[in-house]
Peer 1: 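Take this structure first; my questions come after.
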Amino acid sequence: MSEVRPLIETLPFGCHSPRSEWPWQLAFPEACFSALRFDTHALCETDLDAWDLPTPERLKTAAAKRRAEFMGGRLAARHAIGALTGSPSTPAQDAEQLPDWPADTVGSITHSRGLAAAVVARRPDFHGVGLDAEVVMSNERARRLAPQILVGSEQEWFGRLGVESQGEFVTLVFSLKESLFKALYPLVRRRFYFPDARLIAWDAREGSVTIELLKTLSSQWPAGSRLSGHVTAIDEYLLTLIMIQGK
């Protein structure tokens, strides 16, 4: 794997230097991570074309905040691709507005309130990657959103928790299901939603989780399929990751 060198010279005003230390306890040598903090207000004034970022037509008239999030995510992806392959490049978008990764790679991008991050891995070692970052929600908001995010078994789990843990739990389930969608949708091309999966195990000390499909998505991904996930924290953000290894 190529040496990871921060691309400080390519970062626009409003971005901090990217970090590339793998943040989860379980390492994947065939994958690279990149995250950067950005100032939404400063970055949204930057010209996307000036930084050689492919700009979808819909973004040219989008809100400045949306353009800033797109730029932050693409810069993180470019850094991760460069670390993995030795040749930085920026993924464009396919017909469904999903990242179009370079040949022999697969990845995932996320952004949340001034944080952008990406994980990129090699094919055929991995078939899918799902990454999501969220700011941990308040316990009050968690109680309000729980019925929309949690299925029955998760709601029972939620009910057994102390009040101080409710925000973290609902944020974890929300983020993990987002990561699941990002990892699986490019493989099955069939949409699914929060009620279609459930968290069945969470080891907070090891930073590991297991999620189970409640809906058949394809012949390879029937209901009852289980996937391992990984959880960590960077500052105030909770990050979940699902890596689908080659079979």
Side-chain angles (χ1 to χ4, degrees), residues 16 19 21-28 31 33 35-38 40 69 72-73 76 108-119 128-185 191-215 217 221 223-244:
H16 297 278
R19 56 174 292 174
E21 301 86 1
W22 188 259
W24 295 276
Q25 290 193 47
L26 182 63
F28 291 95
F33 168 80
L36 56 88
R37 299 293 295 266
F38 63 91
T40 300
E69 291 170 342
S108 186
I109 298 171
T110 188
H111 48 74
S112 177
R113 301 190 197 180
L115 175 79
V119 170
V129 177
L131 171 67
D132 186 68
E134 304 290 339
V135 174
V136 176
M137 65 182 72
S138 68
N139 296 321
E140 180 182 355
R141 186 163 185 256
R143 289 190 291 274
R144 189 171 65 253
L145 295 180
Q148 303 171 40
I149 298 169
L150 308 181
V151 299
S153 60
E154 294 167 334
Q155 292 192 41
E156 293 175 4
W157 191 340
F158 178 78
R160 295 192 297 268
L161 294 173
V163 173
E164 69 283 355
S165 301
Q166 292 177 341
E168 181 184 14
F169 181 80
V170 177
T171 305
L172 169 66
V173 175
F174 178 93
S175 183
L176 186 61
K177 291 181 180 182
E178 289 287 315
S179 289
L180 178 69
F181 184 87
K182 291 180 181 180
L184 276 183
Y185 181 76
R191 295 200 169 272
F192 56 99
Y193 305 93
F194 290 131
D196 297 327
R198 64 171 181 162
L199 177 70
I200 60 172
W202 175 22
D203 186 328
R205 189 168 70 174
E206 295 293 328
S208 63
V209 289
T210 304
I211 192 166
E212 181 181 64
L213 286 177
L214 300 176
K215 176 180 180 177
L217 301 177
W221 295 102
S225 298
R226 295 182 175 184
L227 297 93
S228 297
H230 312 278
V231 187
T232 193
I234 295 179
D235 301 327
E236 69 270 34
Y237 302 92
L238 182 148
L239 279 75
T240 60
L241 175 71
I242 291 178
M243 304 284 289
I244 301 177

Peer 1: Please check if the side chain of Lys215 supplies one atom and the backbone of Pro195 the other of a donor-acceptor pair under 3.5 Å.
Peer 2: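 Looks like no, no N/O pair under 3.5 Å.
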Peer 1: Do Leu176 and Leu199 make a side-chain contact, defined as non-hydrogen atoms from C-beta onward lying under 4.5 Å apart?
Peer 2: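 Answer yes - side chains close enough.
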Peer 1: Is there a donor-acceptor pair closer than 3.5 Å between any side-chain N or O of Thr171 and the backbone N or O of Val136?
Peer 2: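 Not a single qualifying donor-acceptor pair exists.
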Peer 1: Taking the side chain as everything from C-beta on, heavy atoms only, tell me whether Phe169 gets closer than 4.5 Å to Asn139.
Peer 2: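 No. Closest side-chain heavy atoms not under 4.5 Å.
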Peer 1: What verdict does the side chain to side chain contact (heavy atoms under 4.5 Å, CB included) test give for Trp24 and Val119, after you've listed the backbone C-alpha separation in whole Å, the side-chain angles of each residue and the deciding distance to 0.1 Å?
Peer 2: CA-CA 12 Å; Trp24 295 276; Val119 170; 4.0 Å; yes
Peer 1: Does Arg113 offer a backbone N or O that forms a donor-acceptor pair with the side chain of Tyr237 under 3.5 Å?
Peer 2: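 Yes; judged by distance alone, with no hydrogens or angles, the pair exists.
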Peer 1: Before you tell me yes or no, could you show the steps for Arg198 and Val173 under side chain to side chain contact (heavy atoms under 4.5 Å, CB included), namely the whole-Å CA-CA distance, both residues' side-chain angles and the distance that decides it to 0.1 Å?
Peer 2: CA-CA 8 Å; Arg198 64 171 181 162; Val173 175; over 6 Å; no
Peer 1: Using the rule given for side chain to side chain contact (heavy atoms under 4.5 Å, CB included), can you reason through Leu172 versus Val231, listing the C-alpha separation, both sets of side-chain angles and the distance that settles it, and then say yes or no?
Peer 2: CA-CA 8 Å; Leu172 169 66; Val231 187; 3.5 Å; yes
Peer 1: Are the side chain of Ser225 and the backbone N or O of Leu213 linked by a donor-acceptor pair below 3.5 Å?
Peer 2: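 No: the side chain of Ser225 does not pair with the backbone of Leu213.
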Peer 1: Applying side chain to side chain donor-acceptor pair (under 3.5 Å), can you list everything that pairs with Arg226, at least two apart in sequence or on another chain?
Peer 2: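 If we apply the side chain to side chain donor-acceptor pair (under 3.5 Å) test to Arg226, skipping adjacent residues, the hits are Glu212.
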Peer 1: Rounded to the nearest 0.5 Å, how far does CD of Gln155 lie from CD1 of Ile149?
Peer 2: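 Going from the CD1 atom of Ile149 to the CD atom of Gln155 covers 10.5 Å.
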Peer 1: Under the rule for side chain to side chain donor-acceptor pair (under 3.5 Å), what residues qualify as partners of Glu206, not counting sequence neighbours?
Peer 2: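 With sequence neighbours excluded, Glu206 shows a side chain to side chain donor-acceptor pair (under 3.5 Å) to no residue whatsoever.
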Peer 1: Listed by chain and number, what are the salt bridge (Lys or Arg N to Asp or Glu O under 4.0 Å) partners of Glu140, not counting sequence neighbours?
Peer 2: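 Here no residue qualifies.
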Peer 1: Among pairs that include at least one residue of residues 168-177, which meet salt bridge (Lys or Arg N to Asp or Glu O under 4.0 Å), considering only residues two or more places apart or in two chains?
Peer 2: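 Qualifying pairs: Glu154-Lys177.
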Peer 1: For Ile200 and Ile211: C-alpha separation, side-chain torsions, deciding distance, then whether side chain to side chain contact (heavy atoms under 4.5 Å, CB included) applies.
Peer 2: CA-CA 6 Å; Ile200 60 172; Ile211 192 166; over 6 Å; no
Peer 1: Please test Arg141 against Glu134 for salt bridge (charged side-chain N to carboxylate O under 4.0 Å, His left out), starting from the C-alpha separation and ending with a verdict.
Peer 2: CA-CA 14 Å; Arg141 186 163 185 256; Glu134 304 290 339; over 6 Å; no
Peer 1: Hey, does Asp196 have a side-chain heavy atom less than 4.5 Å from the side chain of Phe181?
Peer 2: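 Phe181 vs Asp196: side chains apart.
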Peer 1: Could you check whether any side-chain heavy atom of Arg19 comes within less than 4.5 Å of a side-chain heavy atom of Ile234, counting everything from C-beta outward?
Peer 2: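 Arg19 vs Ile234: side chains touch.
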Peer 1: Side-chain contact, heavy-atom cut-off 4.5 Å: Leu145 with Met137?
Peer 2: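 SC-SC contact between Leu145 and Met137 confirmed.
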Peer 1: A side-chain contact here means heavy atoms from C-beta on lying under 4.5 Å apart; do Phe192 and Leu180 qualify?
Peer 2: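 The answer is yes; the side chains approach within 4.5 Å.
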Peer 1: Thr240: which residues meet the side chain to side chain donor-acceptor pair (under 3.5 Å) condition with it, sequence neighbours left out?
Peer 2: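 Listed in chain order: Ser175, Ser179.
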Peer 1: Can you give each donor-acceptor pair under 3.5 Å made by side-chain atoms of residues 158-167, sequence neighbours left out, with the distance rounded to 0.1 Å?
Peer 2:
unit_1	atom_1	unit_2	atom_2	d
Gln166	OE1	Arg143	NH1	3.0

Peer 1: With the side chain counted from C-beta on, respond yes when Val129 and Ile242 share a heavy-atom pair under 4.5 Å apart, and no when they do not.
Peer 2: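 Side-chain contact under 4.5 Å: no.
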Peer 1: Do the ring centers of Phe194 and Phe174 come within less than 6.0 Å of each other?
Peer 2: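 Aromatic pair counts; centres sit under 6.0 Å.
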